[in-house]
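A short write-up of the structure that comes next.
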Amino acid sequence: MRIIIAPAKKMAVDTDSFPVEDLPAFLAQTEQLKTALQRMSSKELQTLWKCNDAIAKLNVERLANMDLYRCLTPAILAYNGIQYRYIAPGVMETAQLAYLREHLRILSGFYGLLRPFDGVTPYRLEMQAKLSVDGFQDLYAFWGDRLAQHLAGETDFVLNLSSKEYSRAVEPHLPKSVRFLTCTFGVWKDGSITEKGVICKMVRGEMVRWLAENRVINRADIRAFDRLGYRFQPEQSTEDHDVFLKRAAE
């Protein structure tokens, strides 16, 4: 089993907590993207990133001084969003970190596909960014089927805990021999299911942590997840889609 999650926009540098174990698998492609970004003006970059002046300034400086080989942070510590705070790798036991090393993969517009302890440097580039590179109209076209084929070489079962923006870079390209299971986390209120972005990130992170704590490797055991008030709903679930709901009052 491989678990795929999305990255986070906020990134941190931590070269002390865990050692970097390897470089990303698609570093040659990352070099291409880096070159394309460095050719753009500050104004063009800010438009691409869709961010305010302060964030643009920070990332323009990062890009100008970017080194893909030195002073790197393990990917699992580099992303500083809500999902990663709920995973809380900094307080995991050795066996749980080993589980992440084996089963967790992080999707990235810049790096493609990351193992938890691959070394990365702070960047800003979302998968849906309209960046044309080497004749490809956007990052989905640029990455093509590379990420899916890499995953298919590792496993025949992908657990999707990423957003639609990122799962779109993998799901359409997977061979039929690979099962792709998506989990949805919603709230049952007034007879309907609603999803909230921030809460979904929290629960995805909590599920990753729960999976690591329980060393889950098959679908049947995934359905036992019961953190943050969420429970598996067999009536709403399908062969390729597991639904977990929480009552609004909980």
Report the C-alpha distance between Tyr166 and Glu126 in whole Å, list the side-chain angles of each, state the deciding distance to 0.1 Å, and finish with yes or no for side chain to side chain contact (heavy atoms under 4.5 Å, CB included).
CA-CA 9 Å; Tyr166 284 90; Glu126 296 178 62; 4.0 Å; yes
Chi angles and distances behind the side chain to side chain contact (heavy atoms under 4.5 Å, CB included) call for Phe232, Phe225
CA-CA 7 Å; Phe232 174 67; Phe225 175 75; over 6 Å; no
Quick one: do Ile76 and Leu104 satisfy side chain to side chain contact (heavy atoms under 4.5 Å, CB included)? Show the steps, please.
CA-CA 9 Å; Ile76 194 65; Leu104 185 67; 3.8 Å; yes
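Aromatic pair Phe157/Phe180: centroids not less than 6.0 angstrom apart. Aromatic ring centres of Phe136 and Trp143 lie farther apart than the 6.0 Å criterion allows.
Not a single donor-acceptor pair under 3.5 Å links the side chain of Arg209 to the backbone N or O of Tyr86. Side-chain N or O atoms of Asn59 include none that pairs as donor or acceptor with a backbone N or O of Arg62 at under 3.5 Å. A donor-acceptor pair under 3.5 Å is formed between the side chain of Tyr99 and the backbone N or O of Val216. Checking side-chain atoms of Arg2 against main-chain N and O of Val158 turns up no donor-acceptor pair under 3.5 Å. No donor-acceptor pair under 3.5 Å is formed between the side chain of Asp145 and the backbone N or O of Ala148. A side-chain donor-acceptor contact under 3.5 Å links Lys34 to the backbone of Met66.
Ion pairing between a basic and an acidic side chain is recognised when a charged N comes within 4.0 Å of a carboxylate O; Arg227 and Glu213 show such pairing. Salt-bridge check for Arg101 with Glu21: passed, with a basic side-chain N closer than 4.0 Å to an acidic carboxylate O. Between Asp242 and Arg223 a salt bridge is recorded (basic side-chain N to carboxylate O distance below 4.0 Å). Using a cutoff of 4.0 Å between basic side-chain nitrogens and carboxylate oxygens, Arg115 and Asp22 are scored as salt-bridged.
For Asn52 and Gln46, the side-chain atoms include no donor-acceptor pair closer than 3.5 Å. Side-chain polar atoms of Asp134 and Gln32 form a donor-acceptor pair below 3.5 angstrom. Defined by atom type and a distance below 3.5 Å, a donor-acceptor pair is missing between the side-chain atoms of Thr30 and Tyr123.
For the atom pair CG of Leu58 and CG of Leu63, the computed distance is 11.0 Å after rounding to the nearest 0.5 Å. One finds the CG atom of Leu211 at 5.0 Å from the CD1 atom of Ile3 (value rounded to the nearest 0.5 Å).
Glu61 is linked by a salt bridge (Lys or Arg N to Asp or Glu O under 4.0 Å) to Lys57, counting only residues two or more places apart in sequence or in another chain.
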